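A quick write-up on the structure given underneath.
Nothing here was measured: the structure is a model prediction, and the numbers come from that model. Just so we're on the same page: letters track the sequence lines, and every chain starts at 1.
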2 protein chains.
Amino acid sequence: MKRVTVKDLAKHLLLSTSTVSRALLNDKNIHWETKKKVLQAAKELGYRRNSAAASLKYGRSKNIGFVVPEMVTPFSSKVLRGIQEILYPLGYRVIITECDEDPLRERENLLLLEEFNVDGIIINLCDESKNHDVYQQLLDRGIPLVFFDRMPNDSLNVSKVLVDNFLYASAVTEHLVSKGRKRIAHIMGPPSLRNSQDRAKGYKEVMDKHGISDPALIIEAKGLGFEDGKNAVKTLMEKQIEFDAIFAFTDTLAIGAMNYLLEQGVKIPQEVSVASFSGTELSTMVYPQLSSVEPPLVQMGEEAARLMLEKIKNFDVACREILLDAELKIRSSSSF
Amino acid sequence: MKRVTVKDLAKHLLLSTSTVSRALLNDKNIHWETKKKVLQAAKELGYRRNSAAASLKYGRSKNIGFVVPEMVTPFSSKVLRGIQEILYPLGYRVIITECDEDPLRERENLLLLEEFNVDGIIINLCDESKNHDVYQQLLDRGIPLVFFDRMPNDSLNVSKVLVDNFLYASAVTEHLVSKGRKRIAHIMGPPSLRNSQDRAKGYKEVMDKHGISDPALIIEAKGLGFEDGKNAVKTLMEKQIEFDAIFAFTDTLAIGAMNYLLEQGVKIPQEVSVASFSGTELSTMVYPQLSSVEPPLVQMGEEAARLMLEKIKNFDVACREILLDAELKIRSSSSF
DNA sequence: CAAAATTTTGGGAGCGTTCCCAGCGCGATA
DNA sequence: TATCGCGCTGGGAACGCTCCCAAAATTTTG
């Protein structure tokens with residue numbers, strides 16, 4: 001019933017706790033035979049280290065916090081994969097918290113993670129201008145932060161992993177234009193995210209360049225859900241704004257939009273082409289498959305994890321910003 | 001830079017650590033004014049409790065482990081929501097681990113969680129016959145387990161939350177039959193899951209009842225991914241097995257199947273109806289929207305969390321098995 | 001006003017690890 | 001033989017917190 005402790009092992013083997021501990025920690029100052037015996041006994045008695053005690057003593061917990069807006073979409077899950085890929089083998093654990101796009105909840109989660117003694121936090125924030133005091137507080141306490149995908153709006157002493165939103169948004173728009181589309185609507189994300197603004201900027205520049213801009217074509221989604229995408233298109237149609245293509249902030253929005261269009265009997269891509277940004281598996285699961293800019297999510301996680309390890313090793317190492325290449329995947333929703 | 005501890009607070013306020021601790025823990029044996037002062041100072045100095053130390057002393061960690069095959073699909077995410085809904089307000093944290101449908105990884109995760117001192121583990125297993133020794137070991141150590149959705153094949157002293165697979169599988173099949181379908185194919189899940197078998201049984205019974213059974217119509221998916229669904233249908237078509245409906249083990253499989261059919265120019269639902277089990281948001285995101293048996297996932301999580309709390313309070317309380325009602329959502333993929 | 005009851009505070013052990021410091025045995029060197 | 005170095009082991013403090021026990025301060029009772 002009770003947990004087996006180092007002390008129990010020591011008593012059982014007639015050794016001191018120090019020696020047992022040394023064996024368990026793979027210390028070199030121990031006879032190989034003793035070590036073998038200890039490991040053997042540990043296995044037999046089912047010893048499991050009490051990481052609370054270890055982390056108390058050691059000062060570090062080997063826990064990394066992961067703070068994301070949501071885990072319902074595969075986006076964060078993929079990033080998490082990458083993170084675990086790197087951190088798992090090194091004995092780190094990842095504690096995941098969702099904030100449901102609510103800055104207040106994000107705040108709570110961050111504080112919880114601090115209490116939890118995490119060695120660092122990898123975060124995709126939900127509002128670029130909120131919670132800066134907490135970020136700073138964590139940094140002041142020596143807890144490194146690594147941001148991915150979405151960035152805080154002013155300069156914090158943190159490392160970052162991101163893709164060039166402007167660049168790829170331009171590319172998507174350019175692609176739609178190249179297919180002969182002129183009335184390209186943009187379902188924009190919340191303005192509290194730089195990503196939204198940057199993607200909108202990329203879109204706008206290309207539209208301007210071709211002289212086909214029209215403010216009426218830009219519609220701001222109320223949120224980031226499937227329904228929000230639906231509603232956005234619905235609004236466009238109700239306002240009788242003509243369009244022959246849609247570029248959506250995320251694939252979830254795009255898919256919502258597509259769904260509404262198909263319900264209305266609109267043909268995709270013949271009548272309306274659709275494309276999005278930050279595509280995930282979802283893009284390939286819908287029909288027609290959705291064209292999208294796909295950031296290398298797993299790699300994003302890996303890089304974030306590596307940056308974190310750097311920071312854990314030495315908190316004062318210079319911050320780095322890693323810009324990843326994304327891929328514009330052209331699928332049936334925009335090619336005909 | 002350094003963390004503020006109880007001792008620091010005590011020194012600062014000229015009080016004893018006991019008193020400070022009492023204030024922080026909302027103990028009744030303390031003057032309200034002192035308490036106020038302590039809380040005030042704690043806030044000012046930015047005190048955060050060291051949960052490692054607390055859990056070491058207290059013996060409990062207020063951590064619950066969550067072990068699932070994957071988090072890429074919204075299935076587990078929804079359940080997690082329910083769990084957090086209940087546990088969050090009570091000061092519990094949830095540690096999430098994915099095993100990627102790999103029993104070995106599940107094993108590692110379980111052991112990791114034990115080391116982590118979790119007060120209990122809520123689990124959706126990935127192979128009903130593996131890892132029983134670990135389950136038992138955890139139970140022996142007084143760590144309660146609560147299973148949801150997928151169950152271990154023999155009797156462990158655990159609580160469970162599930163839906164009636166047989167019943168609802170029958171219902172789906174019956175629904176397809178009622179639409180005049182006679183060649184209903186079943187994309188079955190891995191036989192290492194009772195769910196697969198039960199759903200297949202439900203399907204089979206209805207098919208038998210109507211005298212339209214044909215073993216050729218049952219195809220076992222290689223895995224549980226989108227591609228596996230595609231491949232299953234591909235195989236069926238390559239084998240020239242005629243079918244006018246598909247009942248798939250999960251929505252991911254169904255969506256893969258739909259995708260392949262649509263690619264082949266098959267009309268859904270006119271030529272082939274599609275329906276699935278354990279549907280999530282995904283079912284409504286595809287076009288045509290997918291008919292599916294939808295278990296109340298959030299509620300499933302809530303019930304699991306409640307069962308867990310019961311067990312944490314008293315490990316020896318009788319185990320309970322909660323059977324939830326699901327809902328057969330008929331959508332366009334099977335109605336015309 | 002003393003004694004008892006009650007409220008409020010302080011001292012300090014102990015949770016399970018890790019790790020520094022010291023000690024032991026033993027062979028090599030002087 | 002005395003000294004040193006080396007490999008290994010044991011003792012015990014410390015991490016930050018909680019909680020038992022006892023002491024002090026305060027109020028109530030006879």
field: Salt bridge present between B:Glu302 and B:Arg81 (N-O < 4.0 angstrom)
entry: no
- request: Could you tell me whether B:Arg3 and A:Glu114 make a salt bridge, using a distance below 4.0 angstrom between a side-chain N and a carboxylate O?
  value: no
Determine: side-chain N/O of [X] to OP1/OP2 of [N], distance under 4.0 Å, yes or no.
| X | N | result |
| --- | --- | --- |
| A:Ser21 | C:dT18 | yes |
| A:Thr34 | D:dT9 | yes |
| B:Ser18 | C:dT9 | no |
| A:Tyr58 | D:dG16 | no |
| B:Arg49 | D:dT18 | yes |
| A:Ser16 | D:dG10 | yes |

Please pick, from [options], the nucleotide with the shortest atom-to-atom distance to any side-chain atom of [X].
| X | options | answer |
| --- | --- | --- |
| B:Asn29 | C:dT8, C:dC19, C:dG16 | C:dT8 |
| A:Lys57 | C:dT18, D:dT18, D:dG16 | C:dT18 |
| B:Leu15 | D:dG16, C:dT17, C:dG10 | C:dG10 |
| A:Ala54 | C:dT18, C:dC19, C:dT9 | C:dT18 |

I need the [atom1]-[atom2] distance between [X] and [N], as an integer number of Å.
| X | N | atom1 | atom2 | result |
| --- | --- | --- | --- | --- |
| B:Lys37 | C:dT8 | NZ | P | 13 Å |
| A:Asp8 | C:dT17 | CG | P | 9 Å |
| B:Asn117 | C:dT17 | CG | C1' | 12 Å |
| A:Lys11 | D:dG11 | NZ | P | 14 Å |
| B:Arg60 | D:dT18 | CZ | C1' | 15 Å |
| A:Leu24 | C:dT17 | CG | P | 8 Å |
| A:Lys35 | D:dG7 | NZ | C1' | 14 Å |
| B:Arg3 | D:dC17 | CZ | P | 7 Å |

query: Within the modelled atom types, does a donor on one side and an acceptor on the other bring the side chain of A:Arg48 and the base of C:dG16 under 3.5 Å apart?
result: no
- prompt: A:Arg107 and salt bridge (charged side-chain N to carboxylate O under 4.0 Å, His left out): which partner among A:Asp133, A:Asp102, A:Asp127?
  reply: A:Asp133
Comparing B:Leu56 and B:Asp27 on DNA chain D - which has the more 5′ nearest nucleotide: B:Leu56
message: Judged by each residue's nearest nucleotide on DNA chain C, which is more toward the 5′ side, B:Ile30 or A:Val4?
response: B:Ile30
- request: May I ask you to establish whether B:Lys62 and B:Tyr92 are in a cation-pi arrangement, using a distance under 6.0 Å from NZ or CZ to the six-membered ring centre and at most 45° from the ring axis?
  value: yes
Six-ring centre of A:Phe75, A:Lys78 cation under 6.0 angstrom, axis tolerance 45°: no
Partners meeting ring pair (Phe, Tyr, Trp, His ring centres under 6.0 Å) with A:Phe66 (sequence neighbours left out): A:Phe148
